[in-house]
Amino acid sequence: MTLIDFAAPSIGSDFDTLRQEVRDFLAQELGDYPPELRARSWNGFDADFSRKIGDRGWVGMTLPTAYGGHGRSPLERYVVMEEMLAAGAPVAAHWIADRQSAPLILAKGTEAQKREILPRIAAGTCCFCIGMSEPDSGSDLAATRTTATPEGSGYRVNGTKLWTTFAHKADYMILFCRTGKSEERHGGMSQFLVDLKQIKGITIRPVIDMAGEHHFNEVIFDDVLLSGDALIGALGGGWDQVMSELAFERSGPERFLSSFALIEQLVAQVRHDPTEQQEIEIGRLAAHLMVLRQMSRSVAGMLDRGQNPLLQATIVKDLGAIYEQDVPRLARSLLSRPSQSASADSYTAVLAYTVLNVPSFSLRGGTREILRGIIARGLGLR
Ligand SMILES: Cc1cc2nc3c(=O)[nH]c(=O)nc-3n(C[C@H](O)[C@H](O)[C@H](O)COP(=O)(O)OP(=O)(O)OC[C@H]3O[C@@H](n4cnc5c(N)ncnc54)[C@H](O)[C@@H]3O)c2cc1C
């Protein structure tokens, strides 16, 4: 009996040429990029780097050529993403736009939105942030309080968004807010395209994380006027739109490669003379990584075939976060005190960064408890 259909992954040798091109490019671009910056994984922000990979045709790969994209398959995009993440490339400036804002705009945006925004995303020059969470609404998105009230031909927005990654650098936010009555719960939600660089009345305040870094923000909308053409999709259709974004958000290789820089550092430290325990545990890590990779590729294949793998994507994210979070614990138990050398300093720096960041891996993109509720529902258990 098959409870969950993870279709056979179908990335084959056809993509070896593309993979090699990306590897060659990354070796040249990031030759002396330090391990402690590679450890930032998809949180590393470098607008110039995003523009360069846009020039190579590796952003907006699956978008139609009519909108500046490259008409390539999700599986080709997958190859590029996993090479970028494995190398610790600084992809944050285009990551959210490429992963979820572009597919949303392509599916639900107006023709004008598609023509204006998609070519800029594909060029790697347009940065997006996600305005979903609020001070009193994270897991329970339906409790969203930010409102967009119809006014003239547009909307007046009031409310506060929280934990908005890179709002301070982004060109646009996809704002999720209430346009209907609170009794409507899901039916009264809509999404808007908000130009953060042009529109007045938006205050963006930094929220410093426990590693001392600034990527989170609080974004306050104080009587902000949006024109009618800022609406994405149908008025009141925001809930369904957000739900279909989540399969894109949850299944990619970024959901199990966030600690990959640490695995590489660990292997580099012990490879010449490993103990038996180090061999066993690193072998186990590699085996788990391969299984997660197969599952995640399978979801990419399902998206490619137009299926809706929300359940499968949720499972990948939950198992991926467990894996990513276990890496620093294991690294510390296998190699707590490396020998003195420059490479040992890199190992320690990458370990320290990863330790401070792993708690967030099972919060961002949906907390562990919420994911397990979705999985239980998908299995018919609730
Ligand atoms: C690194 C990072 C980046 C982020 N970036 C963004 C971003 O760019 N844009 C954005 O909008 N948000 C972003 N977030 C916010 C993230 O989506 C929320 O933190 C998350 O959805 C949880 O919401 P919350 O923090 O309000 O916690 P709460 O929803 O208050 O949850 C607190 C705890 O209660 C548990 N809980 C809540 N409800 C239930 C339930 N029904 N059953 C069982 N347990 C429950 C949760 O699992 C959690 O452990 C980011 C978060 C992180 C960590």
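Counting convention: from 1, in listed order, for ligands and their atoms alike.
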Would you mind checking which non-hydrogen protein atom is closest to atom 15 (C) of ligand 1, with the distance to 0.1 Å? Ser133 OG, 3.2 Å

Measure from atom 1 (C) of ligand 1 to the protein's non-hydrogen atoms and state whether any distance is below 4.0 Å. yes

Quick test: of every protein heavy atom, which one is nearest to atom 20 (C) of ligand 1, and how far off is it to 0.1 Å? Leu363 O, 3.8 Å

Can you check whether a protein heavy atom sits less than 4.0 angstrom from atom 49 (O) of ligand 1? yes

Distance check, rounded to the nearest 0.5 Å: Leu266 atom CG versus Arg271 atom CZ? 11.0 Å

Does the cation-pi check pass for Lys169 over Phe45, that is, NZ or CZ under 6.0 Å from the six-membered ring centre and within 45° of its axis? yes

Would you give the length of the straight line joining atom CE of Met173 to atom CZ of Phe128, rounded to the nearest 0.5 angstrom? 11.5 Å

Does the protein place any heavy atom closer than 4.0 Å to atom 32 (C) of ligand 1? no

Residue, atom name and distance, where the atom is the protein heavy atom closest to atom 6 (C) of ligand 1: Trp163 O, 2.8 Å

How far is atom 37 (C) of ligand 1 from its nearest protein heavy atom, and which residue and atom name does that atom have? Ser139 OG, 3.6 Å

Ligand 1 contact by Phe166, heavy-atom criterion under 4.0 angstrom: no

Mind checking whether Trp239 and Phe176 have parallel, tilted or perpendicular rings, split at 30° and 60°? tilted

Students should be able to answer this: which protein heavy-atom is nearest to atom 24 (P) of ligand 1, and at what distance? Gly138 CA, 3.8 Å

Minimum distance, heavy atoms only, to atom 22 (C) of ligand 1: which one of Thr367, Asn217, Asp136, Ile96 is it? Thr367

Quick check: Phe216 and ligand 1, any N/O pair under 3.5 Å apart? no

Show which atoms of ligand 1 fall inside a sub-4.0 Å distance from at least one heavy-atom site of Met132. 11 (O)

among protein heavy atoms, the one nearest atom 41 (N) of ligand 1 is Ile370 CD1, 4.0 Å

Report, in ascending order of atom number, the atoms of ligand 1 lying under 4.0 Å from any heavy atom of Thr165. 3 (C), 4 (C), 5 (N), 6 (C), 7 (C), 8 (O)

If you compare Met173, Arg372, His215, Glu369 by their heavy atoms, the one closest to atom 35 (C) of ligand 1 turns out to be Glu369

Selection from Ile130, Leu371, Thr144 by shortest heavy-atom distance to atom 9 (N) of ligand 1: Ile130

